[in-house]
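Taking it in order: structure first as C-alpha cells, then the write-up.
By convention in this document, chain letters (A, B, ...) are assigned in the order of the sequence lines, proteins followed by strands, and residues within each chain are numbered from 1.
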Amino acid sequence: MSFESITIFGGVDKDGKDESIRELTIGRGEIYSVIGFTGSGKSRLIRDIEQLAQGDTVTKRRILTDGKIPEYKYRRAPEFKIVAHLTQNMNYITDLKCGEFLRLRAECRKIPAAAKNAERIIMTANGLCGEPISDETPLTALSGGQSRALMIADTAINADAPIILIDEIENAGIDKKAAMETLVGNEKIVLVVTHDPLLALSGKRRIVMRNGGMAGLLGTTERERDVFDRLRELNAYSLEIQRRLRAGETL
Amino acid sequence: MPNKKQKIVIVGGPPAAGKTAVISQLIGLLKDGGVVAAVCKIDCLKTRDDEIYRALGVAAAAGLSKDICPDHFLAVNLEEIALWGERRNADILIIETAGLCHRCAPATKNTIAVCVLDCVQSIRVPDKVGPVLTNCDIAVITKGDMVSQAETEVFWQSVRLLNQNAEIVEVNGATGAGAQYLKIAIDARQSAAGVVGDELRHDMPSAICSYCVGERRIGNIFQQGVVTKMEFSE
Ligand SMILES: Nc1nc2c(ncn2[C@@H]2O[C@H](COP(=O)(O)OP(=O)(O)O)[C@@H](O)[C@H]2O)c(=O)[nH]1
Ligand SMILES: [Mg+2]
Ligand SMILES: [Zn+2]
C-alpha cells in the first residue's frame, strides 16, 4: 500500500489518561525520532502504526493514511507491509555472495533490471561505510558496519513499505547522517527509535514517550543543531581513527 | 455433557522453529477474546511444553510417542485427543507436534494445519521440510527480527513456491508482533465436526522392517520385512 503521510491520533497512556499529543502528521521524506526509557511505550507506538490501529489496541490510538481511515483490507492482510524494520539484531545468514543474493532477491521480487538494482545497492552501501563491499563479498563475511550499510541501502531502494523503522543501530561503524539522508532521499517516512544522541537529533522532531503515552513533541532547537554538528564531527573523527587503526597505521 | 463444536488446529514444523512461542502468543489473543483454548503437545521422549501452556492458564496435555514416529502416534491418538478437548470444553483445540519427522505430516483434511518455519535457517530450508509445509493451510514465518528483511522476503517466496494455497503470515514468537494475523487466518477457517472418518492429507510411510520391532544387529542376514537398499551410481 502506498501513501504520502500518516496521522496519529492520540489515545491513552498506561494509566488510561489521555496522552499529551493528540494529533501528529508525518510525511514522506521526514525523520522523526522516538525517545524514551525502556518500557516507556516506544514499541507499542510502532506496533500501533504497523497495525494501522483504529482505537482497537490497548492505547486506543487511531492511525490515518493521507488523512483518511485506511481501507479495511490493509489492516487485515499481512502482505501489505507498512513498516520495514531495520534493527541491531538483524544479520545476513545466507550462504551467497552479495551480488548473487541481491540479484536472486530482485528476481524473486520481480524487480526489473536485477543486475542494475544489485549494483546500485552495493554502490549506495559503500557510500555509508568506510570498508568497501564488493559483488563478490560473501554475505556472511560482512562486518557489522558493512551489513548495516547494505541493509539500509537495500531498504531505501527496494522496500515497498512507505515507513522505515530504525531501531537501535548506533554501534555500527557507518556514517549515520549519510544513512538518514539516503532513506529520506528515497522519500521514506523514517522513524528512529534510539538512545543515540546523534540519531536522536537527526530527525525533524522528537516524539517523547513516557508511561506508555506520547508525552511531548520537540522540534530541534538552534542550539541542538550546533550540538548535532559537533556530534557528527566526532562521529566522523571516530570512524576515521577506526579506519586508520584497522589499516595498521599509527596515529 | 459438553457438545459444542471445537475447532482443531494442528501445528507442525521443525524443532525450535517457534511453535510453542507462536502458540503461546496466540493463546494470549484468544484469551483476550474470551475463547477457551486447550493445547496438546506430542513429543518423543520428553517435553515441558505442556507446563508452559498450563502456566498460561489453559488446559494442557502431553503425549509421548516413545519408540514410534510422533506423527504416527498423533494419528493413532487423534480421536482420544479430540474427546479430551471436548471434555475440557474447548472452543479451540491446538495440537503441537514434535516436528522431527520430515517424511510425515499429521494434518488431516478437516483440521486446520499450521506449519511454523523460522527464517534463521537457510533460504533453502523450506525445500527440505516436506509435506508438513506443502500440505498446510497457514504457514507461519518466525524470527524475522534476526535476519535481514531481504532474506525474509526470499524465504517467504520459497515458501510460496512450495505451497501456492497457504496463507503466509510473519509472527515474532518472542514479542507477539504479527500474531493477530495468525488469529485472523484461523478465525477465517472452519474445521469440520468430529475426527472419526476424517482423513490424513498425506500418507505416512510404512515402518515395518526388522529394526521397527527391536532388531539391533547390523547386516543383511538379520533383516526381514520391508527392506529398501540404496543404489550407488558409480
Ligand atoms: N528472536 C526471536 N526468537 C524467537 C522467535 N520465535 C521463537 N523464538 C525463540 O526460539 C526458541 C525456540 O522456540 P520454541 O517455541 O520453543 O520452538 P518449538 O520447538 O518449535 O516449539 C525460543 O527460545 C523462542 O523464544 C522470534 O520470532 N524471534
Ligand atoms: Mg515446542
Ligand atoms: Zn514419521
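Proximity to chain A (any heavy atom under 4.5 Å) is shown, for E151(B), by both the backbone and the side chain. Heavy atoms closer than 4.5 Å to chain A are found in the backbone of Q121(B), but not in its side chain. Heavy atoms closer than 4.5 Å to chain B are found nowhere in L150(A), neither backbone nor side chain. Looking at T87(A), only its side chain comes within 4.5 Å of chain B, counting heavy atoms on both sides.
The number of heavy-atom neighbours closer than 6.0 Å to CD1 of I69(A), taken from other residues, nucleotides and ligands shown, is 12 or below. When the shell of 6.0 Å around CZ of R210(A) is examined, it contains 12 or fewer heavy atoms from other residues, nucleotides or ligands.
Residues of residues 43-52 of chain A lying under 4.5 angstrom from chain B, judged on non-hydrogen atoms, are R47(A), E50(A), Q51(A) in numerical order.
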Report all side-chain donor-acceptor pairs from residues 112-121 of chain A shorter than 3.5 Å, counting only partners two or more places apart or in another chain.
from    : atom 1 : to      : atom 2 : distance (Å)
N117(A) : OD1    : N158(A) : ND2    : 3.1
N117(A) : ND2    : N158(A) : OD1    : 2.9

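Side-chain N or O atoms of Q149(B) include one that pairs as donor or acceptor with a backbone N or O of H85(A) at under 3.5 Å.
Contacts with chain B were tallied for L102(A), D154(A), T155(A), N91(A); N91(A) has the most, counting heavy-atom pairs under 4.5 Å.
Screening residues 51-61 of chain B for salt bridge (charged side-chain N to carboxylate O under 4.0 Å, His left out), with sequence neighbours left out, gives D50(B)-R54(B). Within the structure, the side chain to side chain donor-acceptor pair (under 3.5 Å) test picks out the following pairs touching residues 10-23 of chain B (sequence neighbours left out): T20(B)-D49(B), T20(B)-E96(B).
Put simply, the side chain of E153(B) reaches to within 4.5 Å of the side chain of R105(A), judged on heavy atoms.
Of all heavy-atom pairs between V120(B) and I93(A), the closest is O-CD1, 3.0 Å.
How far OG of S148(B) is from CG of L86(A): 9.5 Å, rounded to the nearest 0.5 Å.
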